[in-house]
2 protein chains.
Amino acid sequence: MKPTDDMPSMRQLRYFVALAEAGQYRRAAERMGISQPSLSQQIAALESRLGHRLVERRRGGITLTPAGREMLPHARGILNGASEMVALAQTLNSGVAGTLRLGATPTIGPYMLPAVLRRLHETHPGIKLMARDGPPRDMIEDLLAGRCDLVVTQLPLVAADLAQRRLYREPLMLAVARDHPLAARTHVTTGDLAGLDMLSLGPAFALHGQIAALCRDAEARLVGEYEGTSLDALRQMVAMNMGATLLPALYLRSELPDDDGDVVAVPFRSSLTRTVGVAWRRSLGRPRLITQFLDAADHVVGTAYRDRVVRDRG
Amino acid sequence: MKPTDDMPSMRQLRYFVALAEAGQYRRAAERMGISQPSLSQQIAALESRLGHRLVERRRGGITLTPAGREMLPHARGILNGASEMVALAQTLNSGVAGTLRLGATPTIGPYMLPAVLRRLHETHPGIKLMARDGPPRDMIEDLLAGRCDLVVTQLPLVAADLAQRRLYREPLMLAVARDHPLAARTHVTTGDLAGLDMLSLGPAFALHGQIAALCRDAEARLVGEYEGTSLDALRQMVAMNMGATLLPALYLRSELPDDDGDVVAVPFRSSLTRTVGVAWRRSLGRPRLITQFLDAADHVVGTAYRDRVVRDRG
DNA sequence: GTTTATCCATAGGATTTTCCTATACATGAA
DNA sequence: TTCATGTATAGGAAAATCCTATGGATAAAC
């Protein structure tokens with residue numbers, strides 16, 4: 001906008017309030033650390049912008065005009081708003097508060113986030129999180145579009161302008177119905193899957209890629225009719241003996257009571273894993289908020305998840 | 001304060017909001033009527049002042065950082081406040097709204113102000129008035145000290161830096177008890193007052209001066225034991241036959257039922273009057289508010305008071 | 001793979017604003 | 001009158017802001 005805006009400037013408001021409080025130009029100018037003529041000028045400029053005399057100049061000090069009295073609270077309010085803004089900025093800057101918009105895939109979020117959020121809330125009560133849920137592909141899209149700041153998902157990702165951070169690696173296990181021929185095995189190998197019907201999540205999920213690849217290698221049959229959107233749904237399908245699938249170890253720990261379900265998980269002899277981590281836009285930099293989140297996640301991985309996963313930082 | 005204030009400037013806030021709304025530097029700069037580099041600089045300066053990156057620069061447009069999202073509503077709030085301030089200034093400027101602090105002496109205010117305020121409220125509902133009451137001397141002191149803006153009082157005044165405006169002149173009448181020897185007279189002259197006991201308000205009232213002067217001229221006796229602070233009190237004293245006094249015609253009209261009171265008012269053959277008007281500090285100028293008040297007062301004088309007073313403008 | 005287009009950042013110089021010193025003007029006090 | 005106090009004005013210095021031109025980085029087009 002042109003040099004002469006019709007709005008009062010912060011400076012003018014500050015000077016005006018100082019003048020009203022000091023009661024004199026000289027003293028107000030002194031308090032503001034400027035010369036009296038400068039103050040005079042700014043007040044005159046403010047009066048000109050508002051089209052009103054704000055102060056009466058009188059021997060022994062100034063008096064606000066009726067208009068000045070009406071303006072004073074407004075000026076104070078505006079300045080308070082600005083102060084609050086600066087204070088908020090400092091708070092955000094210190095990393096103790098802020099709002100992070102989180103995205104998570106249903107194959108990880110429900111089993112990891114609660115513990116991480118609890119930890120984060122303990123160490124930084126000022127940090128608020130808004131979480132959304134969806135297939136990784138959609139989450140990445142949201143992330144790139146700026147609709148969320150941080151996504152918890154399976155790694156690796158291919159997007160070039162996303163920063164990524166691995167959190168841990170967890171085993172994938174073969175899940176079969178209790179009465180399935182493989183249910184009694186202590187281990188399986190890829191070869192055991194030959195000819196098996198395999199269920200999967202939709203192609204928007206990273207797990208889908210792993211399952212599909214495994215099917216190709218093992219010459220198993222990927223059942224395409226149904227593609228779930230949650231591990232729970234997948235487990236139901238397995239329980240109904242519609243096929244086998246791969247389920248992550250952490251999910252099994254949290255959702256499947258040991259040896260007491262309709263689904264049995266059998267480990268692979270040669271370890272099959274998935275990597276879990278977070279991603280954010282490189283252009284976001286590395287705000288304190290993200291560091292705080294990563295610290296909380298690392299803490300959870302290093303305590304509650306210890307011995308269940310492979311810590312895989314970097 | 002030093003050139004580099006720690007507060008964001010209005011301009012920066014405007015640019016920031018515009019950028020957030022436009023989604024691009026170029027477009028935002030265009031909307032603000034400045035070049036893109038200027039916008040760039042101001043945004044960078046704002047980020048530097050707040051110690052935070054506020055926007056992510058990305059191909060195809062910008063995205064607010066978490067901190068930027070928190071700041072945006074604050075920035076909007078501050079700008080709204082400033083807009084309101086400007087709007088309020090315009091409203092005040094137009095004279096249709098505002099607050100006038102009024103002072104009135106008890107010998108005039110209670111009988112004139114209600115009608116004036118009613119009129120003023122009809123024609124300018126946005127104007128608010130705060131009234132205070134007290135002896136003229138105190139009111140003038142309040143006026144000079146800036147504790148009120150306009151005083152309704154008896155004129156003339158001696159203060160040099162007060163602007164004065166006469167409103168009307170009203171007769172002063174001799175008030176005596178019903179059974180007083182002079183009560184039956186249709187007229188009195190100064191000579192009739194010789195030896196009479198005269199009551200007065202305190203010396204802080206202008207009426208006191210007139211009564212005292214009359215006593216000197218007529219060789220009447222000014223009763224000093226009691227000095228009331230209201231015409232009502234004075235009337236009570238007269239009714240109890242403690243002496244006579246002067247009462248203004250408007251007061252008598254509004255407070256004394258014709259020929260039906262304990263006090264009788266007798267006019268002077270040679271007119272004795274007092275002048276009523278308003279005063280305000282010259283340094284206040286002549287704000288619209290005062291003009292509006294004067295207009296309302298003139299209207300009342302010219303209608304309700306017609307034939308009872310001498311219009312005495314100027 | 002190179003080119004082009006788009007978008008933001010940076011640089012240097014012009015313009016505007018703000019500030020300061022010095023001084024003038026106004027008013028009440030001595 | 002002269003002095004003291006308090007604000008306004010003038011002129012030049014300093015700072016902030018703006019503009020044009022250009023650089024760098026990335027996505028789209030060829």
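Chain letters run A, B, ... following the sequence lines, proteins first, then strands; residues in each count from 1.
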### Query
Looking at A/Ser38, does any N or O in its side chain come under 4.0 Å of the phosphate oxygens OP1/OP2 on C/dC20?
yes
### Query
Is any side-chain nitrogen or oxygen of A/Gln24 closer than 4.0 Å to OP1 or OP2 of D/dG6?
yes
Nucleotide of [options] approaching [X] most closely (side-chain heavy atoms):
X       : options               : value
B/Arg26 : D/dT7, C/dC8, D/dT20  : C/dC8
B/Ser40 : C/dT18, C/dC8, D/dG6  : C/dC8
B/Ser35 : C/dC8, D/dC19, D/dT7  : D/dC19
A/Pro37 : C/dC8, C/dA22, D/dC18 : C/dA22

Rounding to a whole Å, what distance do you find between [X]:[atom1] and [N]:[atom2]?
X        : N      : atom1 : atom2 : result
A/Arg11  : D/dT17 : CZ    : P     : 8 Å
A/Glu30  : C/dT21 : CD    : P     : 13 Å
B/Leu46  : D/dT17 : CG    : P     : 11 Å
A/Tyr15  : C/dT17 : OH    : P     : 16 Å
B/Ile43  : C/dT10 : CD1   : C1'   : 16 Å
A/Gln36  : C/dT21 : CD    : C1'   : 11 Å
B/Glu56  : C/dC7  : CD    : P     : 17 Å
A/Arg281 : D/dA25 : CZ    : P     : 21 Å

### Task
Examine the side chains of A/Arg274 and A/Thr107 and answer whether a donor and an acceptor come within less than 3.5 Å of each other.
yes
### Query
Any luck finding a side-chain donor-acceptor pair between A/Gln154 and A/Thr105 under 3.5 Å?
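Absent: no donor and acceptor within the cut-off.
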### Message
I'd like to know if A/Glu21 pairs up with A/Arg76 as an ion pair, taking the criterion as any Lys NZ or Arg NE/NH1/NH2 lying under 4.0 Å from an Asp or Glu carboxylate oxygen.
### Response
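Salt bridge: yes.
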### Main-chain N/O of B/His124 paired to B/Gln292 side chain as donor or acceptor, under 3.5 Å
no
### Message
Whether the side chain of A/Gln41 and the base of D/dA8 hold a donor-acceptor pair under 3.5 Å is what I'd like checked.
### Response
no
### Task
Pick base, sugar-phosphate or nothing for B/Gln42, based on heavy-atom distances below 4.0 Å to the nucleic acid.
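Answer is sugar-phosphate: B/Gln42 comes under 4.0 Å of backbone atoms only.
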### Message
Once you apply a heavy-atom cut-off of 4.0 Å, does A/Arg57 come out as touching a base, just sugar-phosphate, or nothing?
### Response
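The answer is sugar-phosphate, as A/Arg57 gets under 4.0 Å only of primed atoms, P, OP1 or OP2.
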### Task
In sequence, state the C-alpha distance, the side-chain angles, and the governing distance for A/Met10 and B/Leu13, and then conclude on side chain to side chain contact (heavy atoms under 4.5 Å, CB included).
CA-CA 11 Å; A/Met10 285 288 177; B/Leu13 297 182; 3.9 Å; yes
